[in-house]
2 protein chains.
Amino acid sequence: MPTATPVLGLRERNRLRRTRRVERAALALALEHGVDDVTVDMICEASDISPRTYFNYFGTKEGALIGPAPSTPDEAFVEEFVHGRGPIVEDLMLLIARGFFATEPDREVFAMRRELYAKEPSLQALQVTRMAGKRQATAELVRRRLADQHPDMPATEASDEAQLVMSVAFGAFPVISRLWIEQSGDEAEVETYIHAAIARIRRIVSP
Amino acid sequence: MPTATPVLGLRERNRLRRTRRVERAALALALEHGVDDVTVDMICEASDISPRTYFNYFGTKEGALIGPAPSTPDEAFVEEFVHGRGPIVEDLMLLIARGFFATEPDREVFAMRRELYAKEPSLQALQVTRMAGKRQATAELVRRRLADQHPDMPATEASDEAQLVMSVAFGAFPVISRLWIEQSGDEAEVETYIHAAIARIRRIVSP
DNA sequence: CCACATTCTTGCAGTCACTGCACTTTTGCG
DNA sequence: CGCAAAAGTGCAGTGACTGCAAGAATGTGG
């Protein structure tokens, strides 16, 4: 067995098929009528699922539109980050990006989502809000790295510094993902975009 | 008449008094029970106002908690920014901060809000979401400044650069406002915090 | 001080997102 | 096949929010 494909049971295959069917229906409706003019009931009728089940799957009306939350990264990646010594913002963004790619969506869904995001920026704000939930946990990683790297730095200063590292990374992330999505969409190139963006930020904040 | 106090009519005075009464009630309830366990009806009962009127005033349940949206800055400030030549991120943040201070709230309300924000970070995410609405307009200002400053820069590059300037500013803003709120809350010191934060960002992204 | 226009508040009825609970169906497994 | 666990669904309810139209408060010109 090359990669992790644990021969999904019927149960999981059904779940996956359903998820995709609902996502496609939801995205198609949202693209046609606009997010605000689509109701959960419409999505459910179009995808032949009960509203109750819809919420079991996606939690919120927008859940099927914005896709699953990025998963928490592997322990190995986390360790690599915490003990890394490269440029901290780049390393952090790579870590985030990896979580982003861990959940591989259906190609068609991916394309529709891309189109919808361009049309309705409010969804991006939603993404940010959801990310904010993970922010706490991620900030903790940054603090661990700072402590590991500068054992002499006072705690409060490290905390502030961690906050700012997070700000820059999370702030630049939408820009990078937009560029990346619009231009290639190829996972291998993410790193390039990250480096380019950070270089630009460096120039921007330089006197 | 020293400052602009255009002798409010009875109508406006009533509105102001009401607004403050409702805000206080809402904040007190949210501080006591937590935002999620407070209903609009509770707020209305506590502040003796009809739910319909509540929504006329604040639009959303959280409206009374997070306060009014920062107003669009004066034309004069905008021009100053567009033709400014200082460090662009600092200038932008000052512009945003000014909009923030233009709507002066009641002292007591301000203090309660400060406390609530510390207790419920989700409200900060809400702020960000609301700000996102103004993002488009603000990005346009940044583009104007870039065009003014670098007439030779290609449009797409300027657009990307504007996005990144926005990212850094909006990303760092919550951090700065947190520091400022926690430590002094004095308008005059905002500038200091902004400079300090940018200096730190510079260090962070430097190789 | 009094009509009259304007503006604001309010009640009502309705829509929609979302949830807990209990019931049925589906699936995995011995 | 038969049974237990898991998943889907219907139902009833809560709570945010909206449009509408009636009623109250306010500002204004006489």
Side-chain angles (χ1 to χ4, degrees), chain A residues 6-23 25-27 29-30 32-69 120 122-123 125-127 129-130 133, chain B residues 6-23 25-27 29-30 32-69 120 122-123 125-127 129-130 133:
Chain A
V7 188
L8 305 186
L10 176 55
R11 213 149 223 164
E12 334 247 344
R13 271 180 290 134
N14 271 342
R15 167 172 267 271
L16 252 183
R17 215 191 0 254
R18 259 194 195 187
T19 302
R20 283 211 283 253
R21 200 177 63 221
V22 178
E23 282 176 339
L27 285 164
L29 283 169
E32 189 185 346
H33 303 107
V35 174
D36 286 346
D37 288 330
V38 173
T39 70
V40 172
D41 284 357
M42 287 165 70
I43 299 174
C44 292
E45 235 166 276
S47 54
D48 195 37
I49 199 181
S50 93
R52 194 62 186 81
T53 304
Y54 177 90
F55 282 107
N56 282 342
Y57 272 63
F58 302 104
T60 68
K61 170 185 168 181
E62 293 84 0
L65 300 177
I66 61 180
E120 310 232 12
S122 65
L123 289 181
L126 258 188
Q127 279 272 20
T129 305
R130 194 176 52 180
Chain B
V7 188
L8 305 185
L10 175 55
R11 210 148 227 163
E12 334 247 345
R13 271 181 289 135
N14 271 342
R15 166 172 270 271
L16 253 182
R17 208 184 12 248
R18 261 195 194 186
T19 302
R20 282 211 284 253
R21 201 177 62 222
V22 177
E23 282 176 340
L27 284 163
L29 283 169
E32 190 185 347
H33 303 108
V35 174
D36 287 346
D37 289 330
V38 173
T39 69
V40 172
D41 284 357
M42 286 165 71
I43 299 173
C44 293
E45 235 166 275
S47 54
D48 195 37
I49 199 180
S50 92
R52 194 60 187 81
T53 305
Y54 178 91
F55 283 108
N56 281 343
Y57 272 62
F58 302 104
T60 68
K61 171 184 168 181
E62 293 84 1
L65 301 177
I66 61 180
E120 310 230 15
S122 65
L123 288 181
L126 256 188
Q127 279 272 20
T129 305
R130 196 175 51 179

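Computation of the quantities below employed the complete heavy-atom set of this structure, encompassing side-chain atoms and omitting hydrogens, waters and symmetry-equivalent molecules.
In this structure, CE of A:Met42 is placed 10 Å from P of C:dC16, rounded to the nearest angstrom. A straight line from CG of A:Asp37 to C1' of C:dC16 spans 13 Å, rounded to a whole angstrom. Remark: P of D:dC17 and CZ of B:Phe55 are 5 Å apart, rounded to the nearest angstrom. Going from atom CD of A:Glu45 over to atom P of D:dG10 covers 12 Å, rounded to whole Å. The CG atom of B:Asp41 sits 13 Å away from the C1' atom of C:dG11 (whole-angstrom rounding). Taking atom CG on A:Asp36 and atom C1' on C:dC16, their separation rounds to 12 Å, with Å as the unit.
For B:Leu126, the side chain to side chain contact (heavy atoms under 4.5 Å, CB included) criterion is met by B:Glu62, B:Leu123, not counting sequence neighbours. With sequence neighbours left out, A:Ala69 forms a side chain to side chain contact (heavy atoms under 4.5 Å, CB included) with A:Arg130. For the side-chain hydrogen bond (donor to acceptor under 3.5 Å, both in side chains) test, no residue two or more places apart in sequence or in another chain qualifies with A:Thr60. Scored by the side-chain hydrogen bond (donor to acceptor under 3.5 Å, both in side chains) test, A:Ser50 finds A:Thr53 as partners (sequence neighbours excluded). Among residues two or more places apart in sequence or in another chain, the side chain to side chain contact (heavy atoms under 4.5 Å, CB included) test is passed with A:Phe55 by A:Val40, A:Arg52.
Picking from D:dT26, C:dC18, D:dC17 the nucleotide with the shortest atom distance to the side chain of A:Lys61 gives C:dC18.
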Restricting both atoms to N or O, compile the protein contacts to nucleotides 5-9 of chain D shorter than 3.5 Å, with distance only.
residue, atom, partner, partner atom, Å
D:dA6, N3, A:Arg11, NH2, 3.4
D:dG8, OP1, A:Arg18, NH1, 3.2
D:dG8, OP1, A:Tyr57, OH, 2.6
D:dT9, OP2, A:Ser50, N, 3.3
D:dT9, OP2, A:Thr53, OG1, 2.6

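Within the 4.5 Å cutoff, no side-chain heavy atoms of B:Met42 are placed close to those of B:Glu45.
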